[in-house]
Asker: 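Please see the structure below; I have some questions.
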Amino acid sequence: MSTETYSATAVSDDMIARFSRVPAANVGDAQERFGIIAGLRPIWAGAAVTGRAYTVWTRSGDNLYIHKALDDARPGDVIVVNGSGDDTRALIGDLIGIRAKSLGIAGFVIDGAVRDADALAELGLPVFARSVTPAGPYKNGPGRLNEPVALGGVVVSPGDIIVADADGVVVVKSADVDDVIVAAEEVVAREASKRESFSARSH
């Protein structure tokens, strides 16, 4: 069990802002389709989030360490949870959502289930998960904080960049952000040029 104090990496706020302007699909394109977490979707329409990952590894159906993460994570962080893909019990709902929102947490990415989807939408808290269920969680542990975790076969380390929108969730390793953002912005520019060309041909 990790008890280390969370320390964000050197990825700057300006860099996060640049990634926030790039669709998740284009970030995936820029990484040759690596870093895409399969099967995770926004639980409400229009949800999108970009930020540094604060990682949680918890036993299936148990959210004790998500509560602990809220004591340690920083404003702007995205809490990323390896819940083993379990869809039988929700790992967060609106009560955790309200607390997270008050702390400035940017959103959640959960390899597992959540609940209170409408309430989380009303909060405007971006949540990406594998499924939704009304069943609540256990609160017994164990768990780990701020260590590398795996979601859908993709490793996420503390401080990696999460880019998530209607298409799903993409992870960018913190060591690669400089190269990936340049490539992603080039993808955006190329696609914009193609759209203009196609539009011109249709008139």
Side-chain angles (χ1 to χ4, degrees), residues 1-9 11 13 16 19-20 37 40-44 47-152 154-164 169 171 174:
M1 178 181 66
S2 174
T3 57
E4 297 179 5
T5 300
Y6 172 47
S7 177
T9 65
V11 177
D13 290 343
I16 292 170
F19 272 103
S20 72
I37 303 176
L40 301 190
R41 295 290 180 267
I43 67 159
W44 52 272
V49 67
T50 303
R52 300 178 192 89
Y54 180 97
T55 58
V56 181
W57 187 4
T58 186
R59 187 167 64 177
S60 298
D62 193 291
N63 75 353
L64 177 63
Y65 272 73
I66 297 176
H67 285 279
K68 291 178 180 292
L70 291 176
D71 293 329
D72 198 33
R74 297 180 178 182
D77 284 348
V78 178
I79 295 182
V80 177
V81 182
N82 175 1
S84 300
D86 181 78
D87 62 3
T88 61
R89 291 188 174 274
L91 293 181
I92 73 164
D94 68 325
L95 295 180
I96 282 182
I98 291 168
R99 184 180 172 207
K101 187 84 170 179
S102 73
L103 294 169
I105 299 303
F108 288 85
V109 170
I110 297 178
D111 194 356
V114 302
R115 70 179 187 178
D116 303 326
D118 288 345
L120 291 169
E122 290 178 9
L123 278 174
L125 183 68
V127 177
F128 292 74
R130 199 163 292 282
S131 63
V132 176
T133 178
Y138 298 107
K139 301 181 186 300
N140 303 317
R144 297 184 179 184
L145 300 177
N146 201 34
E147 296 182 3
V149 296
L151 286 77
V154 176
V155 175
V156 184
S157 296
D160 286 349
I161 300 303
I162 301 295
V163 181
V169 182
V171 181
S174 59

Asker: Where do I162 and V171 land on the side-chain contact (heavy atoms from CB on, under 4.5 Å) test, with the steps shown first?
Answerer: CA-CA 5 Å; I162 301 295; V171 181; 3.8 Å; yes
Asker: Mark yes or no for whether T55, through its side chain, and S157, through its backbone, hold a donor-acceptor pair below 3.5 Å.
Answerer: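 Between the backbone of S157 and the side chain of T55 there is no qualifying donor-acceptor contact (under 3.5 Å).
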Asker: Kindly give the heavy-atom pair with the smallest separation between A113 and D87, and that separation in Å.
Answerer: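 Heavy atoms of A113 and D87 come nearest at CB-CA, 3.9 Å.
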Asker: What I'd like to find out is whether the side chain of L64 reaches to under 4.5 Å of the side chain of T58, using heavy atoms alone.
Answerer: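 In short, these two side chains do not touch, never coming nearer than 4.5 Å.
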Asker: A100 and F108: which non-hydrogen atoms are nearest, and at how many Å?
Answerer: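 For A100 and F108, the tightest heavy-atom pair comes out as CB-CE1, 3.6 Å.
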Asker: Do the non-hydrogen side-chain atoms of N63 and K139 ever get within less than 4.5 Å of each other?
Answerer: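 Yes, their side chains come closer than 4.5 Å.
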Asker: Less than 4.5 Å apart, side chain to side chain, heavy atoms only: is that true for I105 and Y54?
Answerer: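 Side-chain contact under 4.5 Å: no.
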Asker: When rounded to the nearest 0.5 angstrom, what distance separates CG in L125 from CG in L120?
Answerer: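 CG of L120 is found 6.0 Å from CG of L125.
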Asker: So, the side chain of D62 versus the backbone of N140: is there a donor-acceptor pair under 3.5 Å, distance only?
Answerer: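 A pair under 3.5 Å: yes.
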Asker: Is R99 salt-bridged to D71, cutoff N-O under 4.0 Å?
Answerer: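 Salt bridge present between R99 and D71.
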Asker: Show the numbers, then the answer: is there a side-chain contact (heavy atoms from CB on, under 4.5 Å) between I161 and R52?
Answerer: CA-CA 5 Å; I161 300 303; R52 300 178 192 89; 4.2 Å; yes
Asker: Would the distance check show the side chain of R59 and the main-chain N or O of P142 forming a donor-acceptor pair, the cut-off being under 3.5 Å?
Answerer: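 Looks like no, no N/O pair under 3.5 Å.
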Asker: Would you mind reporting whether V56 and R144 have side-chain heavy atoms less than 4.5 Å apart?
Answerer: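 Counting from C-beta outward, R144 and V56 never come under 4.5 Å.
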Asker: Ignoring hydrogens, what is the shortest heavy-atom contact between V169 and A164? Give both atom names and the distance.
Answerer: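 Looks like CG2-CB, 3.9 Å.
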Asker: Quick check: does any side chain N or O of W57 sit under 3.5 Å from a backbone N or O of Y65, one acting as donor and the other as acceptor?
Answerer: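 Here the side-chain-to-backbone pair does not exist.
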Asker: Quick one: closest heavy-atom pair of L145 and A69, and the distance?
Answerer: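 For L145 and A69, the tightest heavy-atom pair comes out as CD2-CB, 4.0 Å.
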Asker: So do the side chains of D72 and K68 get within less than 4.5 Å of each other, counting heavy atoms only?
Answerer: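 The answer is no, as the side chains (C-beta and beyond) never meet within the 4.5 Å cut-off.
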Asker: So which atom in P148 and which in P158 form the shortest heavy-atom distance, rounded to 0.1 Å?
Answerer: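 Shortest heavy-atom separation between P148 and P158 comes out as N-CD, 4.0 Å.
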Asker: To the nearest 0.5 Å, what is the distance between CD1 on I43 and CD1 on I92?
Answerer: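 One gets 6.5 Å once the value is rounded to the nearest 0.5 Å.
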Asker: Quick check: closest heavy atoms across A106 and P126, and the distance to 0.1 Å?
Answerer: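 Looks like O-CD, 3.3 Å.
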Asker: Sequence neighbours excluded, which residues qualify as side-chain hydrogen bond (donor to acceptor under 3.5 Å, both in side chains) partners of T88?
Answerer: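 Checked T88 against side-chain hydrogen bond (donor to acceptor under 3.5 Å, both in side chains); matches are D86.
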Asker: Run the side-chain hydrogen bond (donor to acceptor under 3.5 Å, both in side chains) test against R89 and tell me which residues pass, sequence neighbours left out.
Answerer: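 Result, side-chain hydrogen bond (donor to acceptor under 3.5 Å, both in side chains) vs R89: Y138.
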Asker: Please enumerate all residues that pass side-chain hydrogen bond (donor to acceptor under 3.5 Å, both in side chains) together with R115, with sequence neighbours excluded.
Answerer: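 With neighbours one apart ignored, the set is empty.
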Asker: Do the side chains of I37 and D111 get nearer than 4.5 Å, heavy atoms only?
Answerer: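 Of all side-chain heavy-atom pairs linking I37 with D111, none is under 4.5 Å.
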